[in-house]
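Remarks on the structure that follows.
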Amino acid sequence: MADETSRPDNFLRDIIARDVDAGTHAGRVAMRFPPEPNGYPHLGHAQSIWLNFGLAEQFGGTCNLRFDDTNPETESEEYARALEDAVRWLGYDPAAVVYASDYFEQMYAWAQELIRKGLAYVDSQSEAAIREGRGTVKEPGTESPFRERPAEESLRLLEEMRRGEHPDGSHVLRAKIDMAHPNMKMRDPLMYRIRRDAHHYRTGTDWAIYPLYDWAHGQGDAIEGITHSVCTLEFDVNRPLYDWYLDAIGIPEPRNHQYEFARLNVEATVMSKRKLRRLVEDGVVAGWDDPRMPTIAGLRRRGVRPEAVRQFAALAGVSKVNGRTDLALLEHAIRDDLNGIAKRVMAVTEPVRLVIENVDEAVTLDAPYWPHDVTPPEGAPLSRPLRLPREVWIERGDFAVEPPKGWRRLSPGREVWLRHGFVIECTGYETDETGAVTLVRATADLATLTGDPEGRKVRGAIHWVSAEDAVPATFRLYDRLFAHPAPDELDDFMTAINPESLVIAEGWVEPSVTEDAADTRYQFERTGFFWQDPEDSAPDALVFNQIVSLKDGWAKKSASAAANPQKEKPKPSVPTGPRDPAASLSEDQRETYSALAVRGVGREEAAVLATDDALRGLFESVASRVDDPAEAGNLVVHDFRRALGDSAIADSAASGQDLADVLGLVRSGDLSRNAVGDVLQHLIAEGGTAAEAVETLGVGAVDESAIAAAVDEALAANPAEVERYRAGEQKLFGFFVGQTMRRAPKGADPKAVQAVLRERLS
RNA sequence: UGCCCUGUAGCUCAAUUGGCAGAGCGCCAGUUUCUGGAUCUGGAGGUUCAAGGUUCGAUUCCUUGCGGGGCAACCA
């Protein structure tokens with residue numbers, strides 16, 4: 001696969017790399033792209049495809065294409081096919097093409113198992129009652145009266161549901177978790193619903209019940225041996241449920257885990273299926289493959305190549321922040337891709353006739369297809385003959401009766417190059433009764449035909465086509481579909497439609513194009529990249545789609561001169577003022593807080609301790625052994641808690657005595673403050689005494705000579721920085737400390753390092 | 001009366017896991033040019049959301065506040 005400009009890193013790559021290094025799945029990486037076949041694929045899918053398949057590729061892993069077809073009412077074969085086409089068009093080959101519906105039988109067996117284990121039950125409440133019972137985001141739910149139904153009864157009902165003996169909505173299967181769970185997804189989520197009369201595009205009427213997303217997704221991942229299950233951000237609240245189901249059916253570690261990233265949004269377009277459908281149904285666009293659509297089909301018909309789409313996905317990057325990517329980035333990726341493969345030819349989209357008065361016989365030029373700075377693709381023709389006769393078409397926009405400042409094109413009395421030809425000077429023009437220019441007159445300087453004679457400097461060059469030889473053509477000039485950067489944030493996104501998103505122009509193209517393959521991509525010089533519309537173009541009626549325009553410095557300059565540049569106003573800074581750390585404490589907690597503060601514990605630390613009984617217990621245990629409550633508070637609240645990470649205090653093997661010993665070692669100078677974290681981590685995980693931990697970790701006090709050696713090494717390795725420091729860049733001192741700490745033995749005391757550094761650098 | 005995710009340049013993302021705040025795109029200049037493209041060079045642009053705390057040292061750890069997003073479908 002072609003090399004994309006790859007980002008230095010993204011967090012998903014980091015996670016996978018860490019797992020591979022740790023040998024978590026014996027180094028295996030298995031991804032999957034899991035679309036629901038209920039709509040046409042778009043740029044967002046493209047990024048997901050790039051991410052999943054690309055990541056798998058990078059780590060020598062596999063990636064499946066799995067259709068998440070658990071909802072028979074919205075899904076179809078047609079969509080599934082479009083999705084698979086998109087994957088292959090983007091250049092990826094799935095290790096396997098699979099379907100969630102392949103696993104229905106297995107999922108059913110697991111569901112029975114959950115019922116037997118008392119982890120699931122058939123609920124016979126109405127849909128409304130279930131909704132009611134779920135509570136709200138701020139209030140706990142209530143348990144269903146069917147929650148304790150005997151397993152045999154649930155089993156029997158489920159079997160009947162499966163066979164279609166119960167009408168839609170009469171029963172559901174629910175997991176038995178916790179109706180008061182702060183995460184709504186965990187309040188006895190539904191596993192199966194009845195869709196008795198639905199016709200699934202693959203399983204037909206075999207099933208009368210269908211699994212819900214959560215009860216299907218992780219299981220599919222597990223069956224396929226997926227290692228990293230990547231999905232979009234809104235599923236982060238589903239992750240606990242994903243893991244709960246895997247636990248419930250007994251999938252052991254190492255197993256599949258879910259990670260979330262932010263879906264792609266692009267400036268001036270919409271990406272939701274609903275909105276895209278509205279554009280099609282309201283006739284705003286010509287169809288799902290209209291070149292203005294952000295669909296894969298649209299991009300494809302526009303003439304964009306998969307290389308550009310992949311490049312764009314890579315450039316856009318991956319993170320957990322919802323943002324909106326500049327359209328300029330997409331356009332850049334497209335231009336960058338086409339720049340090296342599109343031959344340059346000439347076409348005039350808005351023609352006006354130019355008569356060269358001193359030319360009678362046409363001149364035939366040998367015009368290069370490629371500019372000097374592009375190396376042509378292998379085997380590509382290098383040039384074509386071009387007839388330049390007395391009359392040619394030029395672009396209406398390239399002639400001005402009264403040229404504005406900075407004009408480099410034609411106007412009365414001025415000179416320009418006719419691209420590949422000679423310099424002409426405008427001698428006059430004709431207009432019709434409305435004042436519109438109908439014809440431009442010029443004389444050629446034939447001496448310039450073979451090159452630029454000494455001392456002649458003509459700034460501009462305009463493109464043209466022979467009026468005698470050119471072929472008529474229709475040009476579809478596409479622009480952004482929406483005139484607003486974020487149409488989906490509007491009350492009605494349809495009000496933001498850009499009326500000029502498609503301009504159809506009738507003009508002329510040079511005859512050489514009729515000899516090219518129909519899917520040839522061109523740059524029409526000074527206009528943009530084009531190709532023939534794959535549906536509507538015919539040899540005797542050429543239709544060209546603009547893939548992307550060229551960057552137009554002149555248009556930008558005139559536009560920005562017109563619109564008065566508005567300066568961003570500085571955001572008003574709201575003074576926050578001093579804060580009471582105890583402000584959000586309850587009455588009781590506040591009392592505890594005050595007592596701690598009086599004893600000398602820092603206020604921030606006291607506030608933390610007041611809300612956490614377990615932590616406060618540990619603190620008291622430490623404080624009773626050292627006579628400095630402030631230090632004990634800092635150690636427990638900051639160092640200990642950080643070292644603890646995600647584990648619980650109860651799981652810590654470190655005692656109050658151990659922590660007190662650590663403080664003692666710091667005080668006596670036997671342990672650097674810098675190494676406290678490592679020692680604590682060791683004590684928490686392994687137990688033992690503080691002294692032993694220092695010993696095993698080798699972070700004991702470091703003698704002066706070793707520090708001096710590290711300092712010298714650090715300074716020697718960064719001579720330029722030393723010079724800058726000596727020249728007055730004081731802030732580099734911290735940099736040297738860091739460099740030295742990295743080289744010195746683990747237990748080195750930064751204060752000692754600084755002392756040596758100061759001496760060496762003075 | 002909640003829970004989760006998340007705030008770094010105009011935009012999209014980095015920052016060797018606590019040690020000189022960077023890149024691409026965009027923008028502005030200059031270079032080059034028979035494409036106002038491309039190339040090449042340079043530049044501007046930062047209170048790392050804010051205030052406290054821990055630390056020799058904080059974009060990174062802690063606390064609180066503020067902003068953005070998500071969660072109450074028998075959708076995914």
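Throughout, a chain's letter reflects where its sequence line sits, starting with A, and its residues are numbered from 1. Model, not experiment: these values are computed from the prediction.
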| query | How far, in whole Å, is B:rA21 from B:rG46 if one measures between their P atoms? | reply | 16 Å

| message | Counting the atoms with a prime plus P, OP1 and OP2 as sugar-phosphate, which does A:Phe235 contact under 4.0 Å by heavy atoms, base, sugar-phosphate, or nothing? | response | base

| Inter-residue atom distance A:Leu12.CG - A:Phe261.CZ, 0.5 Å rounding | 7.5 Å

| query | How would nucleotides 16-21 of chain B be written as a contact map, 5' to 3', with B for base contact, S for sugar-phosphate-only contact and - for no contact, using protein heavy atoms under 4.0 Å? | reply | B-SBBS

Distance-only check: which donor-acceptor pairs under 3.5 Å involve side-chain atoms of residues 129-142 of chain A, not counting sequence neighbours?
| unit_1 | atom_1 | unit_2 | atom_2 | d |
| --- | --- | --- | --- | --- |
| A:Thr136 | OG1 | A:Lys138 | N | 3.2 |
| A:Thr136 | OG1 | A:Glu139 | N | 3.1 |

| message | Taking the P atom in each of B:rU31 and B:rG69, what is the distance between them to the nearest angstrom? | response | 46 Å

| query | Mind checking what makes ring pair (Phe, Tyr, Trp, His ring centres under 6.0 Å) contact with A:Phe422, not counting sequence neighbours? | reply | none

| field | Main-chain N/O of A:Val266 paired with A:Thr269 side-chain donor or acceptor, under 3.5 Å | value | no

When the side chains of residues 632-643 of chain A are checked against the rest of the protein, which donor-acceptor pairs come out under 3.5 Å, sequence neighbours left out?
| unit_1 | atom_1 | unit_2 | atom_2 | d |
| --- | --- | --- | --- | --- |
| A:His638 | NE2 | A:Glu605 | OE2 | 2.6 |
| A:Asp639 | OD1 | A:Arg673 | NH1 | 3.4 |
| A:Asp639 | OD2 | A:Arg673 | NH2 | 3.0 |
| A:Arg641 | NE | A:Val637 | O | 3.1 |

| query | Using the glycosidic torsion, which applies to B:rU17: syn (within 90° of 0) or anti (everything else)? | reply | syn

| task | Could you identify which residues of residues 68-76 of chain A place a heavy atom less than 4.0 Å from some atom of RNA chain B, listed by residue number, or say none? | result | A:Asp68, A:Thr70, A:Asn71

| request: May I ask you to say what A:Ser319 touches in the nucleic acid, namely base, sugar-phosphate or nothing, with a heavy-atom cut-off under 4.0 Å? | output: sugar-phosphate

| How does protein contact run along nucleotides 30-36 of chain B, one letter per nucleotide 5' to 3', with B for base contact, S for sugar-phosphate only, - for none, heavy atoms under 4.0 Å? | ---BBBB

| request: Answer with base, sugar-phosphate or nothing: what part of the nucleic acid does A:Ser126 contact at a heavy-atom distance below 4.0 Å? | output: base

